[in-house]
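The structure under discussion appears below in the form of structure tokens.
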Amino acid sequence: MPDNTWTTERIELLKQHFAAGLSCREIANEIGVSRNAVIGKLSRLSLTREKKPMCRRENAKPGRSRSVPRLQYRILRKLFAEATPAEESDDTIRSEQHCSLFELSEERCRWPINHPGEEGFCFCGNPPLGGLPYCAGHSRLAYQPGSRQRAARG
DNA sequence: CCCTGATTCGC
DNA sequence: GCGAATCAGG
């Protein structure tokens, strides 16, 4: 399907879906392109939604709002994600001896796998380094300054 | 954290 | 012209 980009047919679909009130995500999913592609094309066609999906710079409240740090937090998150692509993750570390909370011992790595409360939640269980609660790989992970426990294994 | 639309900028 | 990256907000 992805032969040519923005054939007249696709532009037609774009306009129709846009007129139908579909979100850019849905339009993109329907046509088979990325969301940014849809938005970019719409902007190029001067078809931006000038309605009120949200107002830019509407925050006129003094004091009660602290929406500044989130922006930087988002950027930092992406920066770390890029700066640490091949970093050792708990997914990379082979933990063949997963154990539950009650099966933990001094001989088992206490690194959590998956999110607490989740169905697959357990612990690494690998043999730890001397004096440390984690195995070699997870001890290294624990010391990573920027990477908190990104235990999301997918 | 997720999402949205809008703009920028390298290709 | 295209769209990923980024920005700006909910």
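Both backbone and side-chain heavy atoms feed into the values below; hydrogens, waters and symmetry mates do not. Predicted model, so just to flag it, every value in this text is computed and none were measured.
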Exercise. Does some side-chain heavy atom of A:Phe121 sit less than 4.5 Å from a side-chain heavy atom of A:Pro112?
Worked result: yes

Exercise. Mind checking what makes side chain to side chain contact (heavy atoms under 4.5 Å, CB included) contact with A:Gln16, not counting sequence neighbours?
Worked result: A:Glu12, A:Leu13

For this session: Calculate the interatomic distance between A:Arg35 atom CZ and B:dT4 atom C1'; express it in whole Å.
Result: 6 Å

Review item, nucleotides 1-3 of chain C N/O atoms under 3.5 Å of protein N/O:
residue : atom : partner : partner atom : Å
C:dC2   : OP2  : A:Lys41 : NZ           : 2.7
C:dC2   : OP2  : A:Arg44 : NH1          : 3.1
C:dG3   : OP2  : A:Trp6  : NE1          : 2.3
C:dG3   : N7   : A:Arg44 : NH2          : 2.6

For this session: Could you tell me whether A:Ser23 contacts a base, only the sugar-phosphate backbone, or nothing, with contacts defined as non-hydrogen atoms closer than 4.0 Å?
Result: sugar-phosphate

Problem set entry | Gap separating the SG atom of A:Cys135 from the CZ atom of A:Arg108, nearest 0.5 angstrom | 12.5 Å

Exercise. Relative to each other, are the rings of A:His138 and A:Trp111 parallel, tilted or perpendicular (30° and 60° limits)?
Worked result: parallel

Exercise. Heavy atoms, side chains only, cut-off 4.5 Å: are A:Val33 and A:Arg10 in contact?
Worked result: yes

For this session: Provide, to the nearest angstrom, the distance between the CZ atom belonging to A:Arg25 and the C1' atom belonging to B:dC2.
Result: 10 Å

